[in-house]
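Accompanying notes for the structure given below.
What's counted below: heavy atoms across the whole structure, side chains too, no hydrogens, waters or symmetry copies. Residue numbers count from 1 along this sequence. As the structure is a computational prediction, the values presented were derived from the model and not from experiment.
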Amino acid sequence: MEKIIQTDSGITIAPLYTQPVAMEEQPGTFPFTRGIHATMYRDKLWTMRQYAGFSTAEESNKRYHYLLSQGVMGLSVAFDLPTQIGYDSDHPMSEGEVGKVGVAIDSLEDMEILFKDISLEKISTSMTINATGFILLAFYIALAKRQGADLKKISGTIQNDILKEYAARGTFIYPPKPSMRLITDIFAYCSKEVPKWNTISISGYHIREAGANAVQELAFTLANGKAYLKAALEKELDINVFAKRLSFFFNAHNHLFEEVAKFRAARRMWASITKELGATDPKAQMLRFHTQTGGSTLTAQQPQNNIVRVAIQTMAATLGGTQSLHTNGYDEALSLPTEEAARIALRTQQIVGYESGIADTVDPLAGSFYVEALTNEVENKAWELIHKIDAMGGAVSAIEQGFVQDEIARSAYKYQQEIENNEKIIIGVNKFTSAQQAAPEVFRIDDSIRKIQSDRLQSLRERRDNVAVQAILQRITTAAGTTENLMPLVVEAVEHLCTLGEIADALRDVWGEYK
């Protein structure tokens, strides 16, 4: 028997409202405007994640255990810049960056420390990694095998979205074509070996952080998603299989209603795109997405105000039907989040989930004249941009021609002008400012971490079988010039204790670097 939910005044809340709204669409049915599940949060809340990773694997492991003890349902891993762009911690290019914006992971042994005493079968892990996503996934799979886990049961996501790196973020290594080949290799490998793994998280988050508006975030993200679908179809992969493991990653900004409209429009548009490309299984037509609150909306001035901003953005994500959410710490405009800030961020999700009533009914804003009209407007404007991109030959071509980058740059410039002209009000920045502001405690990373990682790498290279290492690296280099799937070789390489930088370099030797 279904649990009866009531307001504080004793009014019974229906699981779903359709009248007097008179909407034909039902949650859980094509085109999924109202949500991908019929009951949404009535049965299960969204996955509450906290994005964390800093310093060494040991330090990040401590934070993960703390977050799990506080009620986090899934881990979300941040990696440092050298890890993101394929350099070991002892590489000259890594100096000054080791462990700074995420955790340094150079080898399978680091991965083992990162997840010490955490069963990979029992948690869901999201990894924000793109150019080297295939290597980090190989580390994760090899570690799961070491733990004796059933690979058919491990679940999580690698971001693995290289197109938005060229357009908005910049942590790419290889040219677009071989990078797309790596992505389709992952699709094919995971569909057989780790079927519950989400092989890509197509990211609008960083597009928005670079300065795009909501419509641009939606259009450019779905255009990239369409490019990934087409690349996989060209490899003759089954869209009804691989499309089920695609997920999305969106930003939640401060305009509550436009953000809700964006999420609702995204589901409807993706259902249309997948159907047009041949998907017939409803699960292959569903847009599942993770959300993170807007990092670029956080202010260094009056940072406690960010707690309110994050709460509004949390409501936007959940009213919009997200499957998973990370909430930013209020101090992240100044540093990595302190433990207190991370706790407040998590409690924000928990308060919205358990106290606000948002989870009591499906798509609670449906039928609002404003929200329905805004959903349609956001969709129409996003389609206009996608049609322009299609006319250029698709997302890869539009990025190569600089169209996407130029559109984002113009939007970012316009937004900043509006702030400087006081046309857009940012509390604490251009209105209701304070002359005296106490500086909050910030989280600092010690520069000695590079030496710790370098010593660990030296020890690993002395202990491992270097003949086997060179042999498997040569096999990767050779295979890079063929159509052979690289993932089995990369998993074998990390099991032989090849480092991240060595594997990345084996492919650099063949493909070069994109400039």
- Message: Can you confirm whether Thr128 sits close enough to Phe79 that some side-chain heavy atom of one is under 4.5 Å from a side-chain heavy atom of the other?
- Response: no
- Message: Between Asp331 and Thr338, does the side-chain hydrogen bond (donor to acceptor under 3.5 Å, both in side chains) criterion hold? Intermediate values first, please.
- Response: CA-CA 8 Å; Asp331 55 0; Thr338 57; 3.0 Å; yes
- Message: When you compare the side chain of Val469 with that of Arg464, does any pair of heavy atoms fall below 4.5 Å?
- Response: yes
- Message: Quick check: Tyr174 with Tyr514 (ring centres under 6.0 Å apart)?
- Response: no
- Query: Is it true that the side chains of Gln401 and Ser397 contain a donor and an acceptor less than 3.5 Å apart?
  - Reply: yes
- Taking only Lys NZ, Arg NE, NH1 and NH2, and the carboxylate oxygens of Asp or Glu, determine whether Arg456 and Glu109 approach each other closer than 4.0 Å. no
- Can you name the closest pair of heavy atoms from Ala57 and Leu114 and give their distance? CB-N, 3.7 Å
- Just grab all the side chain to side chain donor-acceptor pair (under 3.5 Å) pairs involving residues 131-149, residues at least two apart or on different chains. Glu112-Arg146, Thr125-Tyr140, Lys145-Glu495
- With the side chain counted from C-beta on, respond yes when His253 and Glu217 share a heavy-atom pair under 4.5 Å apart, and no when they do not. no
- Message: Looking at Lys235, I want to see if its NZ is surrounded by more than 12 non-hydrogen atoms of other residues, nucleotides or ligands under 6.0 Å.
- Response: yes
- Task: With the side chain counted from C-beta on, respond yes when Ser124 and Arg49 share a heavy-atom pair under 4.5 Å apart, and no when they do not.
- Result: yes
- Task: Considering only NZ, NE, NH1 and NH2 on the basic side and carboxylate oxygens on the acidic side, decide whether Asp88 and Arg461 come within less than 4.0 Å.
- Result: yes
- Message: Tell me which one of Leu473, Thr478, Ile476 satisfies side-chain contact (heavy atoms from CB on, under 4.5 Å) with Leu489.
- Response: Ile476
- Quick one: NZ on Lys152 to CD1 on Ile154, what's the gap to the nearest 0.5 Å? 10.5 Å
- Item | Ion pair Arg475/Glu492, N-O distance below 4.0 Å | yes
- Item | Pair Arg208 + Glu259, salt bridge at N-O below 4.0 Å | yes
- Item | Asp80 side chain to Lys100 backbone, donor-acceptor under 3.5 Å | no
- How about Asp161 and Leu163: do any of their side-chain heavy atoms sit closer than 4.5 Å? yes
- Please list, chain by chain and in numerical order, all residues satisfying salt bridge (Lys or Arg N to Asp or Glu O under 4.0 Å) with Lys230, sequence neighbours excluded. none
